[in-house]
*Asks:* 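Submitted below is the structure of interest, expressed as structure tokens.
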Amino acid sequence: MVKVVKSTIIDAPVEAVWEVLRDFNGHDRWHPAVADSQMERGAPTDRVGGVRRFHLADGSELREQLLTLSDLDMAFTYCLIDTPIPLLNYVAHVRLHPVTDGDMTFWHWESRFDTPPGRERELHDQVAENIYAAGMEAIRAHLVATGEGRA
């Protein structure tokens, strides 16, 4: 099993970061890899069990399901249901913590998944850099552009 862990400090209040991330269907508005996204069956974006169907910039289609969502903990968990990328049994967890020294946000994003034999490093790096690190940088830029974050 592969484990990916990324964390960062976002120079914005935790409430502002959570407002963006808790929208399970909002990643097409900030993540550079996501071209479009929609909730299946018109489900609310914060309903546990809801499924988002989205396309990557390369046209690949994926489906992910929201497994948990806690406004109190500012955390959610989701899994991949369908993907052309062989991330098997993929489950990810996102959690935010306030950094009170400077009114910033600590963001922890991790996942575990299986891969076909021999592809562990490749797929680990793809998730860590192309999804997590790229997403964290995109949130920074998004928050600055909306006036919620500091450059």
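Numbering of residues begins at 1 and proceeds along the displayed sequence.
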*Asks:* Quick one: closest heavy-atom pair of Q65 and F24, and the distance?
*Replies:*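 Taking every non-hydrogen atom into account, C-CZ, 3.8 Å.
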
*Asks:* I'd like to know if the side chain of D114 and the backbone of N89 have a donor-acceptor N/O pair within less than 3.5 Å.
*Replies:*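 Here the side-chain-to-backbone pair does not exist.
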
*Asks:* Less than 4.5 Å apart, any side-chain heavy atom of V127 and any of F113?
*Replies:*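 Sidechains of F113 and V127: in contact.
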
*Asks:* Indicate the atoms forming the closest heavy-atom contact of H27 with V34, along with that distance.
*Replies:*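 Result for this residue pair: CD2-CG2, 3.1 Å.
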
*Asks:* Any salt bridge between E64 and R53, counting N to O under 4.0 Å?
*Replies:*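 So E64 does not pair with R53 through a salt bridge.
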
*Asks:* Output, in order, the C-alpha distance, side-chain angles, deciding distance and verdict of side chain to side chain contact (heavy atoms under 4.5 Å, CB included) for V94 and W107.
*Replies:* CA-CA 7 Å; V94 171; W107 177 1; 3.5 Å; yes

*Asks:* How are the rings of W109 and H31 set to each other: parallel, tilted or perpendicular (split at 30° and 60°)?
*Replies:*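 The rings of W109 and H31 stand perpendicular, inter-plane angle above 60°.
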
*Asks:* State the SG-CG distance between C79 and L87, to the nearest 0.5 angstrom.
*Replies:*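 Interatomic distance, C79 SG to L87 CG, rounded to 0.5 Å: 12.0 Å.
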
*Asks:* Regarding T77 and H93, is there a side-chain donor-to-acceptor distance under 3.5 Å anywhere?
*Replies:*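 Present: a donor and an acceptor within the cut-off.
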
*Asks:* Looking only at side-chain N and O atoms, does Y132 offer a donor or acceptor that is under 3.5 Å from a partner on S111?
*Replies:*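 There is such a pair between these side chains.
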
*Asks:* Do we see a donor-acceptor contact under 3.5 Å between the side chains of T45 and R52?
*Replies:*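 Not at all, the side chains of T45 and R52 share no donor-acceptor pair under 3.5 Å.
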
*Asks:* Any side-chain donor-acceptor pair under 3.5 Å between H108 and E110?
*Replies:*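 Yes, because at least one side-chain N or O of H108 sits under 3.5 Å from a partner of the opposite role on E110.
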
*Asks:* When you compare the side chain of V20 with that of R29, does any pair of heavy atoms fall below 4.5 Å?
*Replies:*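 Heavy-atom side-chain distance check fails, nothing below 4.5 Å.
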
*Asks:* Measuring from L62:CG to L80:CG, what's the distance to the nearest 0.5 Å?
*Replies:*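 Rounded to the nearest 0.5 Å, the CG-CG separation comes to 6.0 Å.
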
